[in-house]
Number of protein chains: 2
Amino acid sequence: MSIRTTDTKEEILRIGKQFIQYYGYNAFSYADIARELKIKNAAVHYHFRGKEDLLMALIENYIQNYQLLAQQLEGSKLKAAGKINKFIERYTGLCDSDSICIIGSIASDYNTLPESVKARISELIEMVLGMVEQTLAEGKKKGELHFEESPRTRALLIMTNLAAGVQLARISGKADYEAIRKALIKQLK
Amino acid sequence: MSIRTTDTKEEILRIGKQFIQYYGYNAFSYADIARELKIKNAAVHYHFRGKEDLLMALIENYIQNYQLLAQQLEGSKLKAAGKINKFIERYTGLCDSDSICIIGSIASDYNTLPESVKARISELIEMVLGMVEQTLAEGKKKGELHFEESPRTRALLIMTNLAAGVQLARISGKADYEAIRKALIKQLK
DNA sequence: CTAAAAACTTACTTATTAGTAAGTAACTCT
DNA sequence: AGAGTTACTTACTAATAAGTAAGTTTTTAG
């Protein structure tokens, strides 16, 4: 068993994710990925038959990643506000690297995607919204969080604030994102 | 003086706007516009030297459009809530045509744009946010609107809810947008 | 050590992209 | 009516796009 210092397939995923978050899905090519990793065009095609396959793989990664977060939160002693903050932190991280979340990025290009990908994105969004919704519902039940709307609506409000917040931040600056972030936390108290 | 039934330049702008809002800025080409209008590629280049120039023209249109709205609101007898509703209505309209707002669309492709365009988008966003902020501030002062945050922050929250709301709606359905819309209105009471 | 499988590169193809130079038709102004 | 201007079309170019077939190197497993 040898130790592999670099795994090309994972590197492609890493760069692909970076490009989607930084430039947008329809603004980069396999050639760009190849150039970045100093491999050939065809090598990218070897690992991912086409761009859609790469995107699909990234979506699967994203889903797994959130499922992992769900498990961690379930087994944690964090209060509801702390759990919500874990979601918020992900967006704050994006903001720092002038990137937007994959969902927000893909949302702009949504009508250019094949049905198979659209369907999976839909599931991903349902999952994330469901997680936030459940966390909010529990927090409210325990008296840790306070809000007027239904948990679903509150989840929608929070996630749209965050998704568009990072989009806005790279145009008008991080101060606006920070204002949003602080307001979100305060609103739940 | 002849009556011109179609003005190619305006048709190009119309289709360009449609494509940006439906497919995204980096997902359509001049050839697509030409095909749609049954003119030649070069005719599009004649009116707009390059894609950036077309985008810039659309941004200018957008700015003018909002300035017009600003004038209309200033001279109107609408209460603050009614004015805010005028902003919301624009997004509701987009939602109905499976489209997203130009700003949201461009935000995804922001890092692929030349500095000149970036700067103008920045100004556009400042203008829109400023308008909403001012409306909110006046409404609060008159006791017509109620919210905790600063007018700027509240404007950020509303506009990000709307921008990402329409993005979300074409993936997860219009019901989610409607929930957001109603919550926004209710929150200000 | 060796065969097969995995991970590539080389060398293409076909389609699309943005863009332009040169020509033509139509309108408009005097 | 004729000259200039406007609004195009025709016919390209050069660059980039996705994708693939065939060959080569590297790794792994027996």
Does OP1 or OP2 of D/dC8 have a side-chain N or O of B/H47 closer than 4.0 Å? yes
Value rounded to 0.5 Å, distance of CD in A/E10 from CD1 in A/I15: 12.5 Å
Nearest to side-chain heavy atoms of A/Y46, which nucleotide of C/dA7, D/dT9, D/dA7: C/dA7
Does B/S76 use its side chain to pair, donor to acceptor, with the backbone of B/L73 at less than 3.5 Å? yes
How many whole angstroms separate atom CG of A/N26 from atom C1' of D/dA18? 13 Å
OH (A/Y110) and CZ (B/R170) are apart, to the nearest 0.5 Å, by 9.0 Å
Summarise how protein sits on nucleotides 17-23 of chain C as a single string, 5' to 3': B when a protein heavy atom is under 4.0 Å from the base, S for sugar-phosphate-only contact, - for no contact. SSBB---
Can you check the B/D7 CG to D/dT6 C1' distance for me, whole Å? 12 Å
Partner residues of A/Y25 under the side-chain hydrogen bond (donor to acceptor under 3.5 Å, both in side chains) criterion, sequence neighbours left out: none
Measure CD1/A/I33 against C1'/D/dA18 and give the value in whole Å, please. 12 Å
Rounded off to whole Å, could you give me the CD1-to-C1' distance for the A/I12 and C/dA7 pair? 10 Å
If the plane angle is over 60° it's perpendicular, under 30° parallel, otherwise tilted; pick one for A/Y66 and A/F87. parallel
Just the rounded figure in Å: distance from C1' of C/dA26 to CD1 of B/I39. 16 Å
Spacing of B/K9 atom NZ relative to C/dC27 atom P, expressed in whole Å: 19 Å
A/H45 meets the ring-ring contact (aromatic ring centres under 6.0 Å, His included) criterion, sequence neighbours left out, with A/Y30
